[in-house]
S.K.: 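Let me give you the structure first, and then I'll get to my questions.
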Protein chains: 2
Amino acid sequence: MTASISGEVDAMLDGFRRAIGIEPDFDNCPIRGVLDRIGDKWSTLMVLTLALRPHRFGELKRAIPDISQRMLTQTLRDLQRDGYVARKVFPTTPPAVEYRLTDLGRSLMVPLAGLVDWAVKTRGEVEAARAAFDRENV
Amino acid sequence: MTASISGEVDAMLDGFRRAIGIEPDFDNCPIRGVLDRIGDKWSTLMVLTLALRPHRFGELKRAIPDISQRMLTQTLRDLQRDGYVARKVFPTTPPAVEYRLTDLGRSLMVPLAGLVDWAVKTRGEVEAARAAFDRENV
DNA sequence: TGCCTTAGTTACTTGGAGGGAACCGGTGAC
DNA sequence: GTCACCGGTTCCCTCCAAGTAACTAAGGCA
């Protein structure tokens, strides 16, 4: 780990320094906007699943078995509202509805992949840190 | 946006496909572990603040004015437990406690920078999508 | 006639994240 | 003596994300 991890990080920190001064407005913060989505219980899993291929409503329910129907609908609506997911209705009977990632949704996969990659790589370190902490703090 | 965004994404999706089959265990999922941290209200802001420079407890409270003392302590303990933040006590009177990012914590800045960068870049698109959605759905 | 399907919606409930405020120990300054 | 300072801890309360379960529409099928 060098003193400066990467130019990208430095650029972000500059942006962050400015942000603290200029915009202490939490609700309009673009970072908070995406973090709230990333951070909720199902969004990421849903985006990841839809990245594999488009899914119908029932397919998603089967792909993510422990999600409730209520949260499935709500998460899809939220993702759709933000433009990450497109909803296409086929007026058949019974109705068929297909959900697929938009270009915007697919573009989220890039930073998300970075995060997932980091999580997998540092998994062991984090577990070790937790074990050490719990040992020291009875 | 091409058919395949990047090799990294493809690799992640492969990993994800395996994960759905092998490990449907939510609590031990390394992705969920980092997402829960990233997703909570104060962790990211705290990591970003500590990335600027080490801070004392009171400095953090002043840097993030609307955090409660309770959540400041709790978030710091969580970050410390996972090995992202190091806590150093100076046995002076009154006591001084310094918090700084560990190497592991600094390494998180890389994927985090990617996410922040993406959030800033796509901010307009998301806002437009929301406005369009709200217009169509009364 | 009644039961199956898909894709939802609605009402009720609960667990946990987070907020507010009071309290604490040790010490130096007034 | 008591006030302030720092870095917490503790208790209590509130609010919201999420879960559960029942209900819906429109048609196919037996």
Side-chain angles (χ1 to χ4, degrees), chain A residues 24 26-27 29 32-46 49-50 54-82 85-100 133 136-138, chain B residues 24 26-27 29 32-46 49-50 54-82 85-100 133 136-138:
Chain A
F26 274 75
D27 296 334
C29 173
R32 190 143 295 278
V34 64
L35 251 43
D36 283 351
R37 200 107 306 290
I38 296 296
D40 77 6
K41 194 168 178 184
W42 301 110
S43 290
T44 308
L45 191 54
M46 197 108 65
T49 304
L50 290 176
H55 281 68
R56 288 181 54 185
F57 187 87
E59 284 182 312
L60 280 170
K61 210 164 61 169
R62 265 167 271 131
I64 310 175
D66 43 358
I67 193 174
S68 66
Q69 194 152 328
R70 193 184 102 87
M71 286 315 294
L72 180 54
T73 308
Q74 187 179 305
T75 307
L76 283 170
R77 284 293 107 71
D78 289 344
L79 291 172
Q80 189 193 348
R81 186 170 111 97
D82 283 2
V85 161
R87 178 176 181 269
K88 189 172 177 184
V89 182
F90 299 90
T92 56
T93 56
V97 180
E98 188 202 69
Y99 292 91
R100 59 167 68 232
F133 183 92
E136 285 163 25
N137 298 268
V138 192
Chain B
F26 275 76
D27 295 333
C29 173
R32 191 143 294 279
V34 64
L35 252 42
D36 284 351
R37 199 107 306 288
I38 295 297
D40 78 6
K41 194 168 179 183
W42 300 112
S43 290
T44 308
L45 191 54
M46 197 109 60
T49 303
L50 290 177
H55 281 67
R56 290 181 52 184
F57 188 87
E59 283 182 313
L60 279 171
K61 211 163 60 166
R62 265 166 271 130
I64 310 175
D66 44 358
I67 194 174
S68 67
Q69 193 153 327
R70 193 184 102 86
M71 287 315 295
L72 180 54
T73 307
Q74 186 179 305
T75 306
L76 283 170
R77 286 289 108 67
D78 289 343
L79 291 172
Q80 189 194 347
R81 185 170 112 97
D82 284 3
V85 161
R87 177 174 182 271
K88 188 172 177 184
V89 181
F90 299 90
T92 56
T93 56
V97 180
E98 188 201 69
Y99 292 92
R100 59 167 68 232
F133 183 92
E136 285 164 24
N137 298 268
V138 191

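The structure displayed is predicted, hence computed values, not measured ones.
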S.K.: Can you check the B:L60 CG to D:dC6 C1' distance for me, whole Å?
M.R.: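 Going from CG in B:L60 over to C1' in D:dC6 covers 14 Å.
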S.K.: Could you state the atom-to-atom distance from NZ of B:K61 to C1' of D:dT9 in whole Å?
M.R.: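 Interatomic distance, NZ of B:K61 to C1' of D:dT9: 13 Å.
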S.K.: Taking CD from B:E59 and C1' from D:dC6, how many angstroms apart are they, rounded to a whole number?
M.R.: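 Value for this atom pair: 12 Å.
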S.K.: Expressed as a whole number of angstroms, how long is the span from A:D40:CG to C:dG16:P?
M.R.: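 About 18 Å, once rounded to whole Å.
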S.K.: In whole Å, what is the span from the CG atom of A:L72 to the P atom of D:dA17?
M.R.: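 Taking CG of A:L72 and P of D:dA17, I get 17 Å after rounding.
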S.K.: Could you check whether any side-chain N or O of B:T44 sits under 3.5 Å from a backbone N or O of B:I38, counting only pairs where one atom can act as donor and the other as acceptor?
M.R.: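 Present.
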S.K.: Output the distance between atom CG (B:L35) and atom CZ (B:R37), rounded to the nearest 0.5 Å.
M.R.: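 Output value for this atom pair is 11.5 Å.
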S.K.: Mind checking the CG-CH2 spacing from B:L76 to B:W42? Nearest 0.5 Å is all I need.
M.R.: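 Those atoms lie 12.5 Å apart.
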S.K.: Taking atom CG of B:L79 and atom CD of B:Q74, what is their separation to the nearest 0.5 Å?
M.R.: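 It comes to 10.5 Å.
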S.K.: Could you tell me how far apart B:R62 (CZ) and D:dC5 (C1') are, to the nearest whole angstrom?
M.R.: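 About 11 Å, once rounded to whole Å.
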S.K.: Checking side-chain polar atoms at under 3.5 Å, does A:R77 have a donor or acceptor matched by the opposite partner on A:Q80?
M.R.: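 Checked: A:R77/A:Q80 side chains pair up, N/O donor to acceptor below 3.5 Å.
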S.K.: Tell me whether the side-chain N/O atoms of B:R87 come closer than 4.0 Å to OP1 or OP2 in D:dG7.
M.R.: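 B:R87 to D:dG7 OP1/OP2: no side-chain N or O under 4.0 Å.
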S.K.: Taking atom C1' of D:dA18 as reference, at what distance in whole Å does atom CZ of A:R37 sit?
M.R.: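 Going from A:R37 (CZ) to D:dA18 (C1'), I get 14 Å.
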S.K.: Would you mind telling me which of D:dA18, D:dG7, C:dT6 lies closest to the side-chain atoms of B:V97?
M.R.: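 Closest nucleotide among those given: D:dG7.
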S.K.: Do you know which two heavy atoms are closest between B:M46 and B:I67, and how far apart they sit?
M.R.: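 Taking B:M46 first and B:I67 second, the nearest heavy atoms are CE-CD1, 4.2 Å.
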S.K.: Please state how far atom CZ in B:R77 lies from atom C1' in C:dA17, giving the value in whole angstrom units.
M.R.: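 About 18 Å, once rounded to whole Å.
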S.K.: Strictly under 4.0 angstrom, non-hydrogen atoms only: write out the protein contact profile of nucleotides 19-30 of chain D, one letter per nucleotide from the 5' end, B, S or -.
M.R.: BB------S---
S.K.: Do the side chain of A:T93 and the main chain of A:P95 share a donor and acceptor less than 3.5 angstrom apart?
M.R.: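 Side chain of A:T93 to backbone of A:P95: no pair is present.
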S.K.: Any base atoms under 4.0 Å from B:Y99, or only sugar-phosphate, or nothing? Heavy atoms, all strands.
M.R.: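 The answer is sugar-phosphate, as B:Y99 gets under 4.0 Å only of primed atoms, P, OP1 or OP2.
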